[in-house]
Amino acid sequence: MRRCIGCYESKPQSTLMRLTYDGSAFIADTDGRNEGRGIYLCRNRECIEKSFKRKAWNRICRSRADNEEIMRAIDAALNEN
Ligand SMILES: [Zn+2]
């Protein structure tokens, strides 16, 4: 079980999209093998919006996250995970 960074609910990993933060960038973990910290998110717009409202991304990278980069990573994760 993994916790979504939007709604904070724990769900089976297979139902969530997975991204990673490698220390400099957020990227879609399309094959589940990326190095770095795993980030899990439900596959719906509501949780994506919640994750931004809660500044979850800023906390992960400990600075102001690049929202465009994150949205690109989310799109890639939605399409390819
Ligand atoms: Zn969620």
Side-chain angles (χ1 to χ4, degrees):
M1 302 287 275
R2 301 290 179 180
R3 181 169 290 192
C4 168
I5 64 166
C7 62
Y8 297 162
E9 284 177 35
S10 291
K11 300 188 178 182
Q13 185 172 344
S14 58
T15 68
L16 303 170
M17 61 172 137
R18 181 170 193 265
L19 297 90
T20 53
Y21 181 65
D22 68 2
S24 61
F26 294 98
I27 42 178
D29 190 0
T30 52
D31 62 5
R33 284 197 249 171
N34 284 8
E35 298 288 325
R37 176 179 172 170
I39 302 159
Y40 297 88
L41 198 54
C42 301
R43 296 171 174 276
N44 65 57
R45 184 152 299 280
E46 195 184 352
C47 285
I48 294 167
E49 287 174 1
K50 278 184 188 168
S51 73
F52 284 105
K53 284 198 188 111
R54 289 180 159 157
K55 304 190 190 305
W57 305 95
N58 292 7
R59 278 200 298 278
I60 292 162
C61 69
R62 296 202 179 94
S63 68
R64 187 190 293 264
D66 179 340
N67 288 359
E68 284 188 21
E69 172 195 299
I70 292 162
M71 283 309 302
R72 280 197 299 275
I74 288 171
D75 282 344
L78 277 172
N79 289 330
E80 296 171 38
N81 270 187

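All figures in this text were calculated on a predicted structure; none of them were measured in a lab. All residue numbers in this chain count up from 1 along the given sequence.
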Original post:
Going through the checks in order, is the side chain to side chain contact (heavy atoms under 4.5 Å, CB included) test met by Leu16 and Arg43?
Top reply: CA-CA 6 Å; Leu16 303 170; Arg43 296 171 174 276; over 6 Å; no
**OP:** Kindly determine whether Thr15 and Cys42 satisfy side chain to side chain contact (heavy atoms under 4.5 Å, CB included), including the steps that lead there.
**Re:** CA-CA 7 Å; Thr15 68; Cys42 301; over 6 Å; no
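Once rounded to the nearest 0.5 Å, the distance linking NZ of Lys11 with CZ of Arg2 reads 15.5 Å.
Residues meeting the side-chain hydrogen bond (donor to acceptor under 3.5 Å, both in side chains) test with Ser24, sequence neighbours left out: Asp22. Applying the side-chain hydrogen bond (donor to acceptor under 3.5 Å, both in side chains) test to Asn44 and every residue at least two apart in sequence or in another chain returns nothing. Partners of Ile74 according to the side-chain contact (heavy atoms from CB on, under 4.5 Å) rule, which considers only residues two or more places apart in sequence or in another chain, are Met17, Leu19, Leu41, Ile48, Phe52, Trp57, Ile70, Met71, Leu78. Residues that satisfy the side-chain contact (heavy atoms from CB on, under 4.5 Å) test with Arg3, not counting sequence neighbours, are Tyr8, Ser10. When the ring pair (Phe, Tyr, Trp, His ring centres under 6.0 Å) test is applied to Tyr40, no partner is found at least two apart in sequence or on another chain.
Nearest heavy-atom pair across Thr30 and Ala76 is CG2-O, 4.5 Å. The heavy-atom pair separating Ala73 from Ala28 by the smallest distance is O-CB, 3.4 Å. Here the closest heavy-atom approach between residue Ile39 and residue Thr20 is recorded as CD1-C, 4.0 Å.
Note on residues 49-71: pairs passing salt bridge (Lys or Arg N to Asp or Glu O under 4.0 Å), not counting sequence neighbours, are Glu46-Lys50.
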